[in-house]
Every structure is written in structure tokens, then in C-alpha cells.
Amino acid sequence: MAATEATNAADEAYDVIVLGAGPTGENVADRAHAAGLSAVVVESELVGGECSYWACMPSKALLRPVTARSEARRVPGFQEAADRPLDAPAVLAHRDAVVSYWKDDGQVRWLDSAGIDLVRGPGRLAGPRRVVVDGGRVLTARHAVAVCTGSRAVLPPVPGLAEARPWTSRDATGAKTVPGRLVVVGGGVVGVEMATAWRALGSSVTLLVRGDGLLPRMEPFAGHLVAESLAEAGVFLRTGVEVREVRREAPGGPVTVLLDSGDEIVADELLIATGRAPRTEDIGLETVGLTPGSWLDVDETLRVTGVTGGWLYGVGDVNHRALLTHQGKYQARIAGAAISARARGVPILESDPWGAHSATADIRAVPQVVFSDPEAASVGLSAAEAERAGYRTRVVDQDLAAVSGAYLYGEGYRGRARMVVDLDREVLLGATFVGPGVAELLHSATIAVAAEVPVERLWHAVPSYPTISEVWLRLLEAYRG
Ligand SMILES: Cc1cc2nc3c(=O)[nH]c(=O)nc-3n(C[C@H](O)[C@H](O)[C@H](O)COP(=O)(O)OP(=O)(O)OC[C@H]3O[C@@H](n4cnc5c(N)ncnc54)[C@H](O)[C@@H]3O)c2cc1C
Ligand SMILES: NC(=O)c1ccc[n+]([C@@H]2O[C@H](COP(=O)([O-])OP(=O)(O)OC[C@H]3O[C@@H](n4cnc5c(N)ncnc54)[C@H](O)[C@@H]3O)[C@@H](O)[C@H]2O)c1
């Protein structure tokens, strides 16, 4: 049955039921179907999930004009033409087109063409291998149920915050107009990206950070370089501050943010970007012995631990291993392979690290690009993480501006690169690049880390001249002496 939005029928049986049609759920269903299993996805909002409509895609549509203008401003002969404010209505209209005007017809067509059924409505587990949709339709799974319900923004328990109806990432990526004054709380990825975008679109932005810098999960120089550039763009960055209370007297009126220091900041909108919570509070986890609202603990095949019969999988954001679209899709490929192998009765799965049925890269080699200006891109372990993990390491840094490719890329190029080498095996544990245009540099490092390419062989991977990738040569020269 490939028809979407099929008619009512009691106890419809499928090989695999997928709860949530975000990028992860779509890929679990696709892999299962490609392996010859029947699959249905249950979706309560839009097929495509958070990423397509309220996260990756709209945020990058808002950010690309920012970095394009910034880079053009550094190119001789182009500076004057590029030195103009962004056309905010045009950028927002482009964002609307990128998210298909928050309609999922295109993704539904894809599901249909892939032979995957869709049932719309909130799905809940109702005991082993059973899912009830919207309190009515009952689906049963012969082999597996994959929970791919993703995550949502959390609001910290600050007095007055919920009542003030702050922006979360959904509002920050979907807003139709540019707020005059925007306060952003949180110096992680969402806070940094959205401060970058809305400042460039014309808002006066104050970024409030509880710790001492931005992007705390990356090498410290990433946060430093991005903070320097945000300050140059006119963002007011305040570190070491805690929000004590929030007040909004009238809906749609100004919002007042009170800090621990006693300072007050008045703004038109307040964005809370302080992390994520799993969307598992109302999916019937209690009917299979799990705790509602918890992240799902999974083994290396993405199977939820502690569930009798081993039929329940937790894939993507919901398992909290790596909250990134590409990692959710990677896990989906692994889970799809494990589900189909088990369905075929394969006696022993390839579940050793890097095996066909073992999610490994989502722990050992996670690439991430922060699309700020400059971009910050990293994979694997930072120097501090490697040290904490007990590796004997050598850390090599290079000024990215020193390579010819960067010099040609733009005047006044600023950037930095670091590689962390495991001295015992002489392979890379991690790498970080910060600078204009480094996003596309990252995959080279991802291959080096995931494939554990020996440094001696990397020496033979010759970067083209004159590209920014020549920084690899400088890093390796510095390492080898
Ligand atoms: C502002 C922002 C920007 C981001 N940018 C990037 C980026 O540039 N690159 C990147 O890799 N990652 C980015 N991310 C992270 C990325 O969005 C997530 O990692 C990704 O969406 C996770 O995919 P998922 O399929 O696991 O979950 P989701 O995309 O959250 O999809 C889950 C789906 O399940 C559905 N669902 C939930 N409960 C039920 C239910 N009971 N019944 C039926 N359906 C249900 C939801 O409606 C949703 O469609 C960003 C996140 C944010 C917030
Ligand atoms: N380009 C990308 O890949 C991209 C872009 C956006 C989001 N994402 C993903 O989405 C996820 C969520 O992003 P995020 O920025 O919301 O989370 P995050 O975990 O990256 O950052 C949240 C920040 O808020 C701070 N914080 C927590 N509680 C606070 C409080 N009460 N007051 C002040 N600060 C507080 C934390 O210390 C942290 O620095 C991330 O895991 C990220 O990987 C990825």
C-alpha cells in the first residue's frame, strides 16, 4: 500500500512503524523500505520535521546572505557594491520559499514515490509493537517501532519567562518582521547563529551568556573569533550573566529582562536558546516500561535499552547522542540496516565499532558547522576533550590567514585551524577551523578522523594551490617539523 493518508482500518500491520517524519524518521523508513520491509510513518505536524521548517533550512536561508555580504565586502572591486544593508524583506521572502511556505507537499510526494505510507496525527505507543494515532487508528509492527520524535526548545525556570511568551528557535527562524531590539539568551549554536542573522537584518541585538564565552563545546578560539566579529557587527555581548526575572506587561509590548547584577534590559523580543528537551512526554513510553519525557537510551544499533523483545528503536535527536540532522540521518541508516538484518534473522550483527550495524561516527567523529560569520567548523575531539579522555596528544595550531588561498579569499582574512593528534597511533582525534568559507573544508577533516588516516599518509594528500585547504600542509609541516 503506497497511498498516503490511507483510510481508517483497525489494526493495520506493517513491518516497521516510524514515529515522527523528520529527517531521521524519513531515512529510517526509507532504509527499511529499501530492504524490502513495509513501512509507515506517523507525523503530527509537517513531513520533514524541525530541520526543514524551523531549524537548519530557515536559519541557513537567513544566514547565507549575511556571510555572502561579509565575504563580498572583503573582495577588492566589490567592496562598495556590497557595503549596503541587507534587504530584509527579500531575505525573509527567500526564507519563506526555502521552507516551502511551511507546506510539506513536496516531502509527502517523496514519501509516496518511495512507497512509504503516511498517517497524520500524534502517535502514541500502546504497549509492545502497537501505536495508536490520534486516539483512534491502531498500527501494529511485525518487526520494529522507531521513535524519531526529535526535540524541542527548553525554557529555563526563570520567573515570568513563560508568561512573557519569549521566542524559541521556531520563532527566531520563522519571524515575519525584524524586531527593533532583540535579547538573545544562550551562547550556544542557536544563540550565536540567530544573533548573527538578526543583527545583520537590522535588529539591535544583546546576547546574554551565562558562561565566559561563546560556543563552549568547541575549541576556545572558535568562541573568541566569533565573539570578536559579533562585537564588530554591533552585537552587545554580555558574558557571566544570569537572567533573574522576565516581565512583559502587555502581549506584544516590550519585554524587560532583569539580570542577577540588577541591570535591566528592555527589548521588543526575547529569544531563549538554552538547549533542547526530548519530545517524549506524550508518546506512551509508560506503556512499555519507560519514563515519559526522558531521552531514550540506546545501544550501538539504536535499539532502546531495557525494553523486552528488542523491537523499539530511538533514532535522531531523541536519543541525545548528537543533535544534528546529518547525525540523525546517519543513525537512521545504521538503524535501518539493523532492523532489516534482524527481520531477516541474521544471527550475528556487525555491531563492533564502525561495523554496518553500529552507530560509531555519532560519538567518535561528529562534524558540525556553526554558520556564523566567520564560520566555525569542527569534528572529533577538542584538545580539552582528548585530554579528559586520557589520550597522549599533540595540538598543532595554524593561522589560517597565512595561507595564500585565504589571502586571495578576502582582504583582512582572519581565521585559525587546529588539529589534535593521538601521539600513540599518529592519527587525528579532532580538527577545528574558524574563518570565512571553512564550512566546506570540514569534510576533509571528517574523513581523516573517521578513517583514522595515519599522519604519514595525510602527508601525501596534497591540497590544491591556492586554496584555504593548504592549511593542511602547514599543520602537517608543523607537526612533522
Ligand atoms: C535553530 C536550529 C538550527 C539548526 N541547524 C542545524 C544545522 O544547520 N545543521 C544540522 O545538522 N542540525 C541543525 N539543527 C538540529 C536539527 O534541526 C535536528 O538535529 C534535527 O531536526 C533532528 O531530526 P529528527 O528527525 O531527529 O527530529 P525532528 O526534526 O525534530 O523531527 C521530529 C518529528 O517528529 C514529529 N513528532 C513528534 N512527536 C510526534 C508524535 N507523538 N507523533 C507523530 N509525530 C511526532 C515532529 O512533528 C517532527 O516532525 C538545528 C536546530 C535548531 C533548533
Ligand atoms: N549549525 C548547526 O549545526 C546547528 C545550529 C543550531 C542548532 N543546532 C543543534 O541544536 C541543538 C540546540 O542548540 P542550542 O543552542 O539551543 O543548545 P546548546 O546546547 O548548543 O547551547 C545552549 C547554551 O545555553 C546555555 N544555557 C543553558 N541554560 C541556560 C540558562 N538558564 N541561562 C543561560 N544560558 C543557559 C548553555 O550553557 C549553552 O551554552 C544543539 O545541540 C545544536 O547541535 C545545530
Side-chain angles (χ1 to χ4, degrees), residues 17-28 41-60 62-63 104 107 119-125 131-134 146-158 161 168-174 184-194 197 208-211 213-218 223 241-243 260 271-284 314-332 366-372 375-378 439:
I17 300 172
V18 178
L19 208 51
T24 305
E26 287 179 325
N27 277 275
V28 173
V41 290
V42 181
E43 172 54 52
S44 57
E45 295 185 84
L46 294 176
V47 175
E50 204 72 14
C51 177
S52 298
Y53 306 100
W54 300 286
C56 329
M57 294 303 281
S59 61
K60 270 73 255 182
L62 296 176
L63 284 159
D104 63 2
Q107 307 232 24
V119 177
R120 288 197 187 266
R124 288 187 107 254
L125 292 165
V131 169
V132 176
V133 184
D134 216 0
V147 174
C148 307
T149 50
S151 66
R152 64 157 57 85
V154 281
L155 292 187
V158 171
L161 180 59
T168 66
S169 49
R170 282 201 171 194
D171 309 284
T173 54
V184 179
V185 179
V189 196
V190 172
V192 161
E193 286 190 347
M194 291 298 94
L208 302 178
V209 177
R210 152 167 103 165
L214 301 177
L215 304 174
R217 293 189 199 160
M218 288 188 150
V241 295
E242 197 82 39
V243 176
D260 259 2
L271 165 62
I272 300 297
T274 54
R276 313 285 296 174
R279 290 182 69 174
T280 58
E281 67 284 2
D282 193 23
I283 59 163
V315 196
D317 273 18
V318 79
N319 64 33
H320 208 216
R321 284 165 69 107
L323 283 75
L324 292 163
T325 290
H326 44 279
Q327 294 300 337
K329 287 160 59 176
Y330 163 75
Q331 291 178 0
V366 178
Q368 177 164 29
V369 176
V370 183
F371 293 85
S372 43
E375 291 160 345
S378 68

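Computed from a predicted structure; not experimentally measured. Numbering of ligands and ligand atoms starts at 1, following listing order.
By the criterion of a heavy-atom distance under 4.0 Å, neither the backbone nor the side chain of Q327 is placed next to ligand 1. Under 4.0 angstrom from ligand 1, the non-hydrogen atoms of E43 come from both its backbone and its side chain. Residue contacts with ligand 1, taken as heavy atom pairs separated by less than 4.0 Å, involve S169 solely via side-chain atoms from C-beta onward. With a 4.0 Å heavy-atom cut-off, ligand 1 is reached by no atom of Q368. Of the heavy atoms in A153, none comes closer than 4.0 Å to ligand 1. Proximity of L46 to ligand 1, defined as any heavy-atom pair under 4.0 Å, is confined to the backbone N, CA, C and O atoms. Only the side chain of S59 comes within 4.0 Å of ligand 1, counting heavy atoms alone; its backbone N, CA, C and O stay farther away. Contacts between A172 and ligand 1, counted as non-hydrogen atom pairs separated by less than 4.0 Å, are absent for every part of the residue.
Heavy atoms only, all atoms of each residue included: V184 and G191 are closest at CG1-CA, 3.7 Å. Minimum interatomic distance between G48 and P23 (heavy atoms only, all atoms of both residues): O-CD, 3.4 Å. Between L19 and V131, the shortest heavy-atom contact is CD1-CG1, 4.1 Å. When all heavy atoms are compared, the tightest approach of L46 to Y53 is CB-CE1, 3.5 Å.
Under a 3.5 Å cut-off, the side chain of Q327 and the backbone N or O of A322 do not form any donor-acceptor pair. Distance alone, capped at 3.5 Å, is enough to place a donor-acceptor pair between the N319 side chain and the G314 backbone. Side-chain atoms of T24 never come within 3.5 Å of backbone atoms of V315 as a donor-acceptor pair (strictly under, hydrogens ignored). When atom types are taken as modelled, the side chain of T173 and the backbone of W54 share a donor-acceptor pair closer than 3.5 angstrom.
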>> Please evaluate residues L155 and T168 with respect to the criterion side chain to side chain contact (heavy atoms under 4.5 Å, CB included), reporting the C-alpha separation (whole Å), side-chain torsions for both, the decisive distance (0.1 Å), and the verdict.
In response: CA-CA 8 Å; L155 292 187; T168 66; 4.2 Å; yes
> Would R170 and R152 count as a side chain to side chain contact (heavy atoms under 4.5 Å, CB included) if you check the C-alpha gap in whole Å, the side-chain angles of each, and the deciding distance to 0.1 Å?
Replying inline: CA-CA 9 Å; R170 282 201 171 194; R152 64 157 57 85; over 6 Å; no
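The environment of M218 atom CE is dense: over 12 non-hydrogen atoms of other residues, nucleotides or ligands sit within 6.0 angstrom.
Close contacts between ligand 1 and G316 involve ligand atoms 26 (O) [criterion: under 4.0 Å to a heavy atom]. The contact set between ligand 1 and C148, taken as ligand atoms under 4.0 Å from a residue heavy atom, comprises 32 (C), 33 (C), 34 (O). The distance from ligand 1 to the heavy atoms of V42 drops below 4.0 Å at these ligand atoms: 43 (C), 44 (N). Listed by number with element, the atoms of ligand 1 under 4.0 angstrom from any heavy atom of T24 are 23 (O), 24 (P), 25 (O), 26 (O). Distances below 4.0 Å separate heavy atoms of L324 from the following atoms of ligand 1: 10 (C), 11 (O), 12 (N), 19 (O). The ligand atoms of ligand 1 that sit less than 4.0 angstrom from a heavy atom of H326 are 11 (O). Each of the following atoms of ligand 1 lies closer than 4.0 Å to a heavy atom of S151: 30 (O). Close approach of ligand 1 to G49 (heavy-atom distance below 4.0 Å) involves ligand atoms 29 (O), 31 (O), 48 (C), 49 (O).
Some N or O of K60 is nearer than 3.5 Å to an N or O of ligand 1, by distance alone. Polar contact with ligand 1: present for G123 (N/O pair, distance under 3.5 Å). By the 3.5 Å distance cut-off applied to N or O atoms, T173 is not counted among the residues near ligand 1. Here's the thing with E193: none of its N/O atoms is less than 3.5 angstrom from an N/O atom of ligand 1.
At least one heavy atom of R276 sits under 4.0 Å from some atom of ligand 1.
Protein residues lining ligand 2, listed by chain and number: K60, P156, V185, G186, G188, V189, V190, E193, R210, P216, R217, A273, T274, G275, R276, L323, L324, Q368, V369, F371 [non-hydrogen atoms, distance under 4.0 Å].
Taking all heavy atoms of G20, P23, C56 into account, the minimum distance to atom 23 (O) of ligand 1 is reached by P23.
For H320, the ring pair (Phe, Tyr, Trp, His ring centres under 6.0 Å) partners at least two apart in sequence or on another chain are W295.
Ion pair K60/E193 flagged as a salt bridge, since at least one NZ, NE, NH1 or NH2 atom sits closer than 4.0 Å to an Asp/Glu carboxylate oxygen.
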